[in-house]
Colleague: 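Before I ask anything, here is the structure I am working with.
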Protein chains: 2
Amino acid sequence: MNLTEKRKEERNRIIETSREVFKKYGCRKATMNDIAYASGKAKSSVYYYFKSKDEVCNAVIFTEAGKYRNTVLKAVSEIKNPEKQLKAYILIRLQTDKVYSNFYNSMNHFSKKSKFVKRLKKIYDDEEFRIFSNILKSGIEAGYFDVYDIKYAAVGIVTAMRGLETVLLHQFENPEIEKKIDNILKIILYGIVKR
Amino acid sequence: MNLTEKRKEERNRIIETSREVFKKYGCRKATMNDIAYASGKAKSSVYYYFKSKDEVCNAVIFTEAGKYRNTVLKAVSEIKNPEKQLKAYILIRLQTDKVYSNFYNSMNHFSKKSKFVKRLKKIYDDEEFRIFSNILKSGIEAGYFDVYDIKYAAVGIVTAMRGLETVLLHQFENPEIEKKIDNILKIILYGIVKR
DNA sequence: AGTACATTCGACCAATATTGTCAAAACATA
DNA sequence: TATGTTTTGACAATATTGGTCGAATGTACT
């Protein structure tokens, strides 16, 4: 095995253990010692792989975002019909959102919003925006959708969706939720103007 | 309401919130600030009620031990037959053990066994010993049991039970567990000598 | 063995965070 | 207002933490 390969693998191993440590203690409370110990190394050895604790955090976030992305893409790409794709996307978003909000809520339970959480949010937001744009784009290419400007359409719809979520999230157990989503989806898809 | 009463109530309120904070962060990671903030007070206000963080920890442990005690006693006292009492006790012990081991495992997940955990264990151990002795004693008074020396009998049986647990705990989902306990119980109750 | 390189580690320091104290403020109560 | 209780922010003493460095260990190749 290549030297840099081995190095990367060790890095990934540390990232995985860090993820667990963060889950347990939260990012703030977890110390480099915790991470090192959990990885079966000395603290300075962790610094051999990562410049700083910040970098470890970023790596964990980045990897998690990647996993999230894959989950979504895999679920969505299996669906051909763009309309159903959209619906699947919204549903999966509502589900994973719950999980990952748990993840980073525990990170700064109290204490003013940290730099860290802001960064995490931004990364997820960007990711989401990109994924959604792709769905829109492929829908357009397939001749299903027709929007004036993908970028602004995406921004608008994602924003609307987020508003939708804040309303729906706390009634997520509600079995009516699918119907509600269907209704909103219809508006997004066909507009409110009668044809 | 009496003045000292009010004070005690406030203390209890802090103990309850502390318990939640400990559950979340573990005892080591939780700071007096965390506790104070969660209680809606300033740090120094917490020190008005407790001499030190150590005292807060002790109070939480003590209260938890008391709750555990009540759970066991309530469940056991409703049973008249000492034999069934013993069985109920062992079962409930196995169950609550799981819960509270989670509680204090999270307390010092890594880092050498802390003074704190040792104390927690000791308190639970004493408590358990006392409860068990009472069961034995009431069984003797009721004419069901007959042992030479309650104290040593209790020590012996509790020790044996603990050994039993270490074996059984990780296969707790096993539905056969009741049968196994029954078997052990029979040995404890009737001895191994044929009559 | 000897060299070059990757990896691990413990000791160490400066910066930060935490515990615990205190005197003053805010609050209640009569 | 006077008295006792409770809350608080500022502060000192102390402990923990992030991060550095040089030395030790490991490893692969000549």
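Throughout, a chain's letter reflects where its sequence line sits, starting with A, and its residues are numbered from 1. For clarity, every value in this text was computed on a predicted model and none was experimentally measured.
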Colleague: For D:dT8 and B:Ser45 - does any side-chain N or O of the residue sit under 4.0 Å from the phosphate oxygens OP1/OP2?
Modeller: yes

Colleague: Strictly under 4.0 angstrom, non-hydrogen atoms only: write out the protein contact profile of nucleotides 14-22 of chain D, one letter per nucleotide from the 5' end, B, S or -.
Modeller: --SSBBBB-

Colleague: Is the phosphate of C:dT7 approached by A:Tyr48 (side-chain N or O, under 4.0 Å from OP1 or OP2)?
Modeller: yes

Colleague: Does A:Ser45 use its side chain to pair, donor to acceptor, with the backbone of A:Lys41 at less than 3.5 Å?
Modeller: no

Colleague: CG/A:Asn58 to NZ/A:Lys51 distance, rounded to the nearest 0.5 angstrom?
Modeller: 12.0 Å

Colleague: Indicate yes or no for a side-chain donor-acceptor contact from A:Arg11 to the backbone of A:Tyr49 under 3.5 Å, with no hydrogens or angles considered.
Modeller: yes

Colleague: Should B:Arg7 be listed as having a side-chain N or O under 4.0 Å from OP1 or OP2 of D:dT6?
Modeller: yes

Colleague: Would you mind reading off the distance between A:Tyr37 atom OH and C:dT8 atom C1', rounded to a whole angstrom?
Modeller: 17 Å

Colleague: Counting only heavy atoms not in A:Lys84 (residues, nucleotides, ligands), do more than 12 fall under 6.0 Å from its NZ?
Modeller: no

Colleague: Within this structure, what is the OH-OG distance for the pair A:Tyr47 and A:Ser52, rounded to the nearest 0.5 Å?
Modeller: 7.0 Å

Colleague: How close do B:Cys57 and B:Phe22 get, counting heavy atoms only, and between which atoms?
Modeller: SG-CZ, 3.7 Å

Colleague: Taking only side-chain N and O atoms of A:Tyr49, does any of them lie within less than 4.0 angstrom of OP1 or OP2 on C:dT8?
Modeller: yes

Colleague: How does protein reach along nucleotides 24-30 of chain C, written 5' to 3' as B (base within reach of a heavy atom under 4.0 Å), S (only sugar-phosphate), or - (no contact)?
Modeller: -------

Colleague: Atom CZ of B:Arg11 and atom P of D:dT5: how far apart are they, to the nearest Å?
Modeller: 17 Å

Colleague: Would you kindly give the CD1-to-C1' distance between A:Ile14 and C:dT7, to the nearest whole Å?
Modeller: 11 Å

Colleague: Can you find a heavy atom in the side chain of A:Lys137 that is under 4.5 Å from one in the side chain of A:Asn134?
Modeller: yes

Colleague: Taking salt bridge (charged side-chain N to carboxylate O under 4.0 Å, His left out) as the test, write out the residues that go with A:Arg13, two or more places apart.
Modeller: A:Glu9, A:Glu10

Colleague: Rounded off to whole Å, could you give me the NZ-to-C1' distance for the B:Lys41 and D:dT5 pair?
Modeller: 12 Å

Colleague: If the test is side-chain contact (heavy atoms from CB on, under 4.5 Å), which one of B:Thr17, B:Val21, B:Ile35, B:Ile15 qualifies with B:Val60?
Modeller: B:Ile15

